[in-house]
Asks: 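A single structure is presented below for examination.
These figures come from a predicted structure and were not determined experimentally.
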Amino acid sequence: MTTVPDVSAASITPVVVRLKLSLLRNGLRQSGGRRAAYIVSVVVALLVAALQLLGLIALRGNAHAAAVSLPLVAVLALGWAVMPLFFPSGDETLDPTRLVMLPLRPQPLVRALLVASLVGVGPLFTLCLLTGSVISVAHGATAWVTAVVGVVLALLVCVALARAVAAANIRLLSSRKGRDLAVLSGLVVAVGAQLVNFGAQRLGSSGGLSALDPAADVLRWVPPASAIGAVDSASEGSYGSAVVQLVLCGAALAGLLALWSRHLTRLMTSPDGSTLQAAEPAARERGSSGLGRLLPAGRTGTVMERSLRYVWRDPKTKAAWVTSLAIGLIVPVFNALQGTGSAYFACFAAGMLGIQMYNQFGQDTSAFWIVAMTISSTRDAYVELRGRALALLLITLPYATLVSVLTTALLGAWRQLPEVLGLSFALLGAMLATGAWSSARFPYSIPQEGYKNVAPGQAGLAWIAIFGGMVSAALLSAPVIALTIWLNVSADGDRWSWLLLPLGALYGALITLLGLRLAAPRTARRLPEILAAVSKG
């Protein structure tokens, strides 16, 4: 009888580290472009790290140094937690399922992978920021000793956090649908940039770094920022607090390692649920018609349900909608919170969602041929476009109303609410009209894989369709805009401004119907060209 030898952590760790280096080296050998991109990214990352390090060192002696260092480490840890979800292919060793056929025990494997995770630009970048953070707050021999322990603990917590998150979601991240989550990384960057901008402006208007003190007082007890808090406590002579903060960070590390080990054990001993028969849940889903019961009967309801299912299930369609919803809310609300906005900024929400009407057929990609088979007349094309527009309105109308009410409430400009809603509805109607016509006149393909939203060779069509349509929508909205301006400059305008709400809604509905009527004949005539254009990618 042959027994499998127990492989110790000491023998696994060098092998896994060499595996990590080999994967990195072989990946760079694939092409010169990949090597150049990697070198540029390394240089940029190290340059940013060096500048951050110098900035943190410059804070040394400042009374509010801890108020900067503690939130910085907390944000850094948050980055380690979410990055594996958006860039799962950035490190091949993040996927432990590649090792399930080897005779490895979870505990030694966890220690080996933890050491291997310290190899790379990310850990080096994190080490620079942690070093700068402790330098900014450390004073005295005891604080420097605490700093050495704190930096090691904080770095290990960040790495273990990323590994635990990746292991918990590896089945999703290694699937096609999971990889498509990376499309949402653009949303994270956009929203994050707005949050940073908002925070910086609030910080500048509230009297400097002292505004961060309340947040720092909380974060100094939250790992891994508690490791930096321990250094600050030791500098102030609060040795008991420093010990407790280090213990909290150590406990967080132990908990993350235990969680990671648990997920590794499950991955290496349990069957992959994605390979199991799923006929019964699928049958239940097919039999469920809760959404269909709420929609109109006939082709209109079918088209609406199909469009809404695309929004919920297709990764790129979902990413476009989520981005529009987020940016459409952030711009007016954040400007209102800063006291520099206008109630009319709420129209931005309707504009962002109105863009989703453009290139309606390109969103179907090659599956549009199934839809094309059902269009044999102008009437069929009109009903198809009408169903898509109604599906968009089902989300956009309540959303635009909510953003308008929230923005006017924050600004205390309730008198302008009817004007804002009227403008929003008129603008939305104009964008639906021009979007329907543009979808038939300038269709383009959206690649299903990767990060590109336009197939090669069709970028010009996309620019014409979107920006040309937006200019046309602005021109079509000109009557309502002119009426709004006239009422605001008129002496009697306040008495009649409420009329902008019904007039804007009526104008938007009429211009939408006109646009759909004009786009339907063109759609019916150009079905072969549309099908060829949207199937290109």
Asks: Is there a side chain to side chain contact (heavy atoms under 4.5 Å, CB included) between Phe425 and Leu501? Walk through the geometry before answering.
Replies: CA-CA 8 Å; Phe425 295 156; Leu501 175 54; 3.8 Å; yes
Asks: Between OG of Ser438 and CE of Met431, what distance do you get to the nearest 0.5 Å?
Replies: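 Rounded to the nearest 0.5 Å, the OG-CE separation comes out at 10.0 Å.
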Asks: Does a side chain donor of either Thr434 or Tyr358 reach within less than 3.5 Å of an acceptor in the other side chain?
Replies: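 Per modelled atom types, Thr434 and Tyr358 side chains form a pair under 3.5 Å.
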Asks: Where is the tightest heavy-atom contact between Leu161 and Ala81, given as atom of each residue plus distance?
Replies: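 Answer, listing the atom of Leu161 first, then Ala81: CD2-CB, 3.6 Å.
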Asks: Taking side-chain contact (heavy atoms from CB on, under 4.5 Å) as the test, write out the residues that go with Ile485, two or more places apart.
Replies: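 Expected list: Ile481.
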Asks: Only pairs under 3.5 Å count here: list side-chain donor-acceptor contacts from residues 505-522, not counting sequence neighbours, and write none if there are none.
Replies:
{"residue": "Tyr507", "atom": "OH", "partner": "Leu476", "partner atom": "O", "Å": "2.4"}
{"residue": "Thr512", "atom": "OG1", "partner": "Gly429", "partner atom": "O", "Å": "3.3"}
{"residue": "Thr512", "atom": "OG1", "partner": "Gly508", "partner atom": "O", "Å": "2.7"}

Asks: Nearest heavy-atom pair of Ala350 and Leu428: which atoms, and what distance?
Replies: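 In terms of heavy atoms, the two residues are closest at O-CD1, 4.0 Å.
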Asks: Between Leu295 and Leu394, is any pair of side-chain heavy atoms under 4.5 Å apart?
Replies: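 The answer is yes, as the side chains (C-beta and beyond) meet within the 4.5 Å cut-off.
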Asks: Assess whether side chain to side chain contact (heavy atoms under 4.5 Å, CB included) is satisfied between Leu432 and Leu392, documenting all intermediate values.
Replies: CA-CA 9 Å; Leu432 291 178; Leu392 189 145; 3.7 Å; yes
Asks: Taking Gln416 for the side chain and Gly412 for the main chain, is one N or O donor matched with an acceptor at less than 3.5 Å?
Replies: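 Answer holds: no.
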Asks: Could you give all pairs that pass the ring pair (Phe, Tyr, Trp, His ring centres under 6.0 Å) test and reach residues 295-326, with sequence neighbours left out?
Replies: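 As it turns out, there is no ring pair (Phe, Tyr, Trp, His ring centres under 6.0 Å) pair with a partner in residues 295-326 once direct neighbours are skipped.
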Asks: The criterion is side-chain contact (heavy atoms from CB on, under 4.5 Å); which residues satisfy it with Val75, sequence neighbours excluded?
Replies: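 Once residues adjacent in sequence are excluded, Val75 has no partner under the side-chain contact (heavy atoms from CB on, under 4.5 Å) criterion.
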Asks: Considering residues at least two apart in sequence or located in another chain, which fulfil the side chain to side chain donor-acceptor pair (under 3.5 Å) criterion with Ser342?
Replies: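 Scan of Ser342 (side chain to side chain donor-acceptor pair (under 3.5 Å), adjacent residues dropped) gives none.
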Asks: Not counting sequence neighbours, which residues clear side-chain contact (heavy atoms from CB on, under 4.5 Å) with Val218? List them please.
Replies: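 Val218: no side-chain contact (heavy atoms from CB on, under 4.5 Å) contacts found.
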Asks: Of all residues at least two apart in sequence or in a different chain, which pass the side chain to side chain donor-acceptor pair (under 3.5 Å) check with Ser307?
Replies: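 By the side chain to side chain donor-acceptor pair (under 3.5 Å) rule, Ser307 matches no residue at all.
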Asks: Compare all side-chain heavy atoms of Ile327 with those of Phe348 and state whether any distance is below 4.5 angstrom.
Replies: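 When only atoms from C-beta onward are counted, Phe348 and Ile327 do touch, with a gap below 4.5 Å.
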Asks: Taking all non-hydrogen atoms of both residues, which atom of Ala346 and which atom of Val420 are closest, and how far apart?
Replies: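 Minimum heavy-atom separation between Ala346 and Val420: CB-CG1, 3.6 Å.
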Asks: Tell me every residue that passes ring-ring contact (aromatic ring centres under 6.0 Å, His included) with Phe368, counting only those two or more places apart in sequence or in another chain.
Replies: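 If we apply the ring-ring contact (aromatic ring centres under 6.0 Å, His included) test to Phe368, skipping adjacent residues, the hits are Phe361.
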Asks: Could you walk me through whether Asp380 and Thr374 satisfy the side chain to side chain contact (heavy atoms under 4.5 Å, CB included) test, starting with their C-alpha distance in whole Å, then the side-chain angles of each, then the deciding distance to 0.1 Å, before giving a yes or no?
Replies: CA-CA 8 Å; Asp380 292 337; Thr374 67; over 6 Å; no
Asks: Judged by modelled atom types alone, do Arg415 and Thr408 share a side-chain donor-acceptor pair under 3.5 Å?
Replies: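 Arg415 vs Thr408: no donor-acceptor pair found between side chains.
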Asks: Which distance, rounded to the nearest 0.5 Å, do you find between the CG of Leu353 and the CG of Leu393?
Replies: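 CG of Leu393 is found 10.5 Å from CG of Leu353.
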Asks: Indicate the atoms forming the closest heavy-atom contact of Ala349 with Tyr399, along with that distance.
Replies: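 Distance-wise, the nearest heavy atoms are CB-CE2, 3.6 Å.
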Asks: Which value, rounded to the nearest 0.5 Å, describes the distance between Leu427 atom CG and Cys347 atom SG?
Replies: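 Taking CG in Leu427 and SG in Cys347, the distance rounds to 6.5 Å.
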Asks: More than 12 foreign heavy atoms under 6.0 Å from CZ of Arg299: is that the case here?
Replies: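 Yes, CZ of Arg299 has more than 12 neighbouring heavy atoms, counting only those of other groups under 6.0 Å.
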Asks: Which residues satisfy the side chain to side chain donor-acceptor pair (under 3.5 Å) test with Arg526, sequence neighbours excluded?
Replies: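 Partners of Arg526 under the side chain to side chain donor-acceptor pair (under 3.5 Å) test: none.
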Asks: Can you pull the salt bridge (Lys or Arg N to Asp or Glu O under 4.0 Å) pairs that have at least one residue in residues 386-406, sequence neighbours excluded?
Replies: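 For residues 386-406, and leaving out neighbouring residues, the salt bridge (Lys or Arg N to Asp or Glu O under 4.0 Å) pairs sorted by first residue read Asp364-Arg388, Glu384-Arg388.
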Asks: Taking C-beta and beyond as the side chain, do Leu499 and Trp496 meet within less than 4.5 Å on heavy atoms?
Replies: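 Yes, close enough: below the 4.5 Å cut-off.
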Asks: Does Met357 reach the side chain of Ser439, with side-chain heavy atoms less than 4.5 Å apart?
Replies: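 Answer no - side chains too far apart.
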Asks: Measure the shortest side-chain to side-chain distance between Leu385 and Thr523 over non-hydrogen atoms and say whether it is less than 4.5 angstrom.
Replies: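 In contact.
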Asks: Do Pro418 and Ser497 have side chains that get closer than 4.5 Å, going by heavy atoms?
Replies: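 A side-chain contact is absent here, since even the closest heavy-atom pair is not under 4.5 Å.
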Asks: Any side-chain heavy atom of Leu219 sitting closer than 4.5 Å to one from Pro71?
Replies: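 Contact flag for Leu219/Pro71 side chains = yes.
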Asks: What are the two closest non-hydrogen atoms of Ala164 and Leu259, and how far apart are they?
Replies: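 Looking at all heavy atoms of both residues, the shortest contact is CB-CD2, 4.4 Å.
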Asks: I'd like to check Thr300 versus Leu390 (side-chain heavy atoms, cut-off strictly below 4.5 Å). Are they in contact?
Replies: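 Thr300 vs Leu390: side chains touch.
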Asks: Using atom types as modelled, flag every donor-acceptor pair under 3.5 Å from a side chain in residues 400-407 to any protein atom, sequence neighbours excluded.
Replies:
{"residue": "Thr401", "atom": "OG1", "partner": "Leu397", "partner atom": "O", "Å": "2.8"}
{"residue": "Ser404", "atom": "OG", "partner": "Ala400", "partner atom": "O", "Å": "2.8"}
{"residue": "Thr407", "atom": "OG1", "partner": "Val403", "partner atom": "O", "Å": "2.7"}

Asks: Should Leu487 and Glu419 be marked as a side chain to side chain contact (heavy atoms under 4.5 Å, CB included) after you check the CA-CA gap, both sets of side-chain angles, and the distance that decides it?
Replies: CA-CA 10 Å; Leu487 287 175; Glu419 303 175 20; 5.8 Å; no
Asks: Could you report the tightest heavy-atom contact between Cys158 and Thr126, atom names first, then the distance?
Replies: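 Minimum heavy-atom separation between Cys158 and Thr126: SG-CG2, 4.4 Å.
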Asks: What residues form a side chain to side chain donor-acceptor pair (under 3.5 Å) with Thr378, not counting sequence neighbours?
Replies: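 Listed in chain order: nothing, the list is empty.
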Asks: Mark yes when over 12 heavy atoms from residues, nucleotides or ligands other than Trp369 sit less than 6.0 Å from its CH2; otherwise mark no.
Replies: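 Check fails, neighbour count at 12 or below.
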